[in-house]
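Notes to accompany the following structure.
As the structure lists them, so they are numbered: ligands from 1, and atoms in each ligand from 1. All of these numbers come straight from a predicted model, not from anything done at the bench.
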Amino acid sequence: MTITPGVDAPTWPAEFADRYRAAGHWRGETFGGMLRERAAAHPDRIALIDPAPERRTWTYRELDERVDRLAAGFAARGIGRGDRVVLQLPNIGEFVEVVFALFRIGALPVYALPAHRAAEIGYFCAFTEAVAYVIPDRHAGFDHRTLASEIQATTPTLKLVFVVGDPGEHTPLADVPRDPDRPLPGPEPHELAFLQLSGGTTGVPKLIPRTHDDYLYSIRGSDEICGVTADTRFLVVLPAAHNFPMSSPGWLGALHAGGTVVMCPRPDPATAFPLVERERITMTGLVPPLALLWTDAALTSGHDLSSLDLLLVGGAKYSEQAARRLEPALGCRLMQVFGMAEGLVCYTRLDDDRETVVTTQGLPISPDDEIRIVDDTGADVPDGAFGHLLTRGPYTIRGYWRAPEHDARSFTEDGFYRTGDIVRRVPSGHLVVEGRAKDQINRGGEKIAPEEVENAVLAHPSVHDVSVVAVPDEYLGERTLAYVIPRAGAAPLKAAEIRRFVRERGLAAYKVPDLVEFVPAFPRTGVGKTSKKAQRSTATPKSIPTTPTPV
Ligand code: OOB
């Protein structure tokens with residue numbers, strides 16, 4: 001992959017960009033322009049609803065005007081085109097306002113998750129040289145203002161912290177908006193719109209640069225496949241910053257079609273079902289553990305879920321048995337989605353037969369999504385055989401943000417992204433995800449890079465070595481198990497001490513190992529490396545004590 005000095009990420013070679021434009025995939029639109037157009041076309045339709053604690057609504061005109069005022073306020077405080085702004089908000093209306101305000105001035109949101117803590121946020125702010133950080137005051141019992149102060153003290157670029165709610169020593173987001181005195185120069189459609197997080201396989205998360213052109217294409221395509229229209233009422237159940245609820249078809253898809261987005265503060269049925277009933281929700285997306293919870297809860301819930309028309313399930317493998325139970329329990333249609341923040345998204349189709357919907361993970365969005373399924377040597381496997389999925393196309397990145405050494409490993413010479421997924425293609429062309437070759441744990445849709453957790457555990461003075469692997473789990477699909485070799489002569493260690501240590505290192509709670517086992521040595525491969533394969537095969541699901549709530 002060639003890197004041009006001064007350029008933050010590799011982009012599509014001109015011949016591909018020309019082809020994607022000629023095919024009408026890239027239309028020269030921006031997200032700021034999209035909202036402006038929708039507001040002009042149907043100003044009085046409801047764009048956004050935040051139901052808690054008091055129900056707030058935004059018409060398209062109101063959203064557009066508030067975004068303009070917020071954009072002007074950000075610009076007046078010195079935030080400009082290309083600047084990075086780390087955004088860590090829960091599912092609230094301000095999430096949408098801030099994202100569109102940043103889009104309008106061409107600043108790049110960096111999408112942190114509400115669960116991220118000092119380790120992740122500190123890294124995002126430092127690595128992206130962020131100029132601003134947007135937070136809630138408190139969320140899920142955590143005071144984000146204190147964390148922001150700590151990070152600001154060690155990150156010289158981070159001049160501004162905006163808080164939704166009580167600002168403490170920072171700036172209230174509510175004070176930012178101002179009247180726009182002149183139109184702001186927006187970004188070009190081929191420029192970056194935001195940085196998304198990669199699930200990752202490495203010590204620190206990689207950042208995924210997406211452009212207005214490419215992301216809007218994936219959203220248009222998703223809307224068409226999922227049948228999103230101005231009548232769609234989309235419930236944002238998963239964290240709004242995830243690629244799946246953002247664009248598959250997600251809240252951006254709903255806004256693109258002129259529909260209504262409803263923010264769901266928590267994903268459990270007790271919170272979501274009353275909202276589905278009250279707001280007449282037609283569509284949402286869930287990870288498999290939540291789909292299981294919803295399926296079970298629907299059987300006994302007294303709530304009227306009859307407005308639900310389509311439920312998308314993806315982010316991790318959805319078992320066929322669970323998929324078969326969803327439609328009768330929830331009284332809506334199921335669509336499986338297999339996607340990645342790096343680009344490629346596959347959906348089963350509304351006109352697929354039931355067997356295809358419950359047994360496959362769908363077809364790519366675009367006729368120009370190139371799919372290769374290869375063996376370990378990089379040669380194409382015969383039709384129907386398992387292999388590594390490689391992909392290239394009009395909305396799949398050609399490289400990460402400022403990470404040329406990763407790009408050399410994650411992309412082929414000719415620009416295919418190595419997804420790390422093992423798939424096979426059935427005769428209809430649909431892909432079936434069989435497993436994973438990458439060293440990653442998929443904990444109910446949340447991706448964990450073992451290396452990141454291992455680095456945290458290794459910092460413990462009594463730890464000699466550690467290896468983190470996935471253990472199968474009936475509910476979450478997978479959970480994490482840390483095999484630890486204690487340092488010779490160190491005081492005896494307890495599992496709880498390792499877990500607390502990881503948490504105190506500032507890692508998000510979902511990365512704290514579910515299980516810790518102390519061992520004298522690791523199994524080795526022929527060349528003397530730790531054999532994670534052998535470790536995985538000895539880890540048993542029954543050793544898991546409790547079942548936590550996902551995401
Ligand atoms: C979505 O995006 P990411 O970036 O959090 O994770 C991507 C990875 C894939 O490479 C694959 O390993 C896994 O998540 N995955 C699935 C899956 N959907 C994603 N594995 C099995 N079955 C599925 N249906 O997770 C994401 C992005 C957009 C839409 C949906 C999911």
Side-chain angles (χ1 to χ4, degrees), residues 111-113 115 195-202 205-210 214-215 218-219 221-222 225-226 236-253 284-291 311-320 322-323 326 334-348 356-365 369 371 373 386 388-391 395-397 400 410 416-424 430-449 470 476-478 508 510 550-551:
Y111 293 126
L113 296 172
L195 298 176
Q196 183 61 272
L197 307 183
S198 96
T201 53
T202 48
K206 291 168 296 214
L207 295 168
I208 297 170
R210 302 291 300 258
D214 92 76
Y215 209 60
S218 77
I219 285 165
S222 297
I225 290 165
C226 303
V236 189
V237 174
L238 298 171
H242 260 295
N243 198 62
F244 175 19
M246 187 178 297
S247 63
S248 297
W251 53 271
L252 279 174
T284 188
L286 300 176
V287 288
L290 278 176
L311 212 143
L312 292 110
V313 180
K317 181 83 185 197
Y318 191 35
S319 84
E320 185 188 322
L326 182 131
L334 164 68
M335 185 182 277
Q336 292 210 45
V337 46
F338 159 52
M340 53 211 68
E342 282 83 354
L344 180 71
V345 179
C346 301
Y347 297 99
T348 56
T356 305
V357 172
V358 296
T359 59
T360 81
Q361 281 66 56
L363 292 163
I365 292 176
D369 280 320
I371 298 287
I373 304 175
F386 305 133
H388 302 271
L389 171 64
L390 311 182
T391 186
Y395 61 96
T396 297
I397 57 165
Y400 291 102
S410 304
F416 278 83
Y417 169 56
R418 299 182 198 275
T419 67
D421 294 311
I422 304 289
V423 303
R424 71 188 159 89
H430 290 63
L431 298 180
V432 176
V433 184
E434 295 289 347
R436 200 173 55 224
K438 55 191 166 189
D439 192 15
Q440 185 181 76
I441 296 167
N442 192 332
R443 190 179 183 278
E446 292 290 12
K447 314 305 180 314
I448 300 168
L476 286 177
E478 291 176 6
Y510 67 87
V551 283

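- From F338, atom CZ reaches atom CZ of F244 across 13.0 Å, with rounding to the nearest 0.5 Å.
- Here the side chain of E342 pairs no donor or acceptor atom with the backbone of I208 at under 3.5 angstrom.
- In terms of modelled atom types and a separation under 3.5 Å, the side chain of K438 and the main chain of T419 share a donor-acceptor contact.
- Within the 3.5 Å criterion, the main-chain N or O of G362 finds no donor-acceptor partner in the side chain of T348.
- The backbone N or O of G315 lies less than 3.5 Å from a partner atom in the side chain of K447, making a donor-acceptor pair.
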Mind listing the N or O contacts between ligand 1 and protein, cut-off under 3.5 Å?
from	atom 1	to	atom 2	distance (Å)
ligand 1	4 (O)	A341	N	2.9
ligand 1	5 (O)	K447	NZ	3.0
ligand 1	6 (O)	K447	NZ	3.0
ligand 1	10 (O)	D421	OD2	2.5
ligand 1	10 (O)	K438	NZ	2.8
ligand 1	12 (O)	D421	OD1	2.5
ligand 1	12 (O)	D421	OD2	3.4
ligand 1	12 (O)	K438	NZ	3.4
ligand 1	14 (O)	K447	NZ	3.3
ligand 1	15 (N)	G315	O	3.4
ligand 1	18 (N)	G315	N	3.0
ligand 1	22 (N)	A316	O	3.4
ligand 1	22 (N)	K317	N	3.4
ligand 1	24 (N)	V337	O	2.8
ligand 1	25 (O)	K447	NZ	2.9

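- With hydrogens and angles disregarded, no donor-acceptor distance shorter than 3.5 Å links the side chain of S247 to the backbone of I219.
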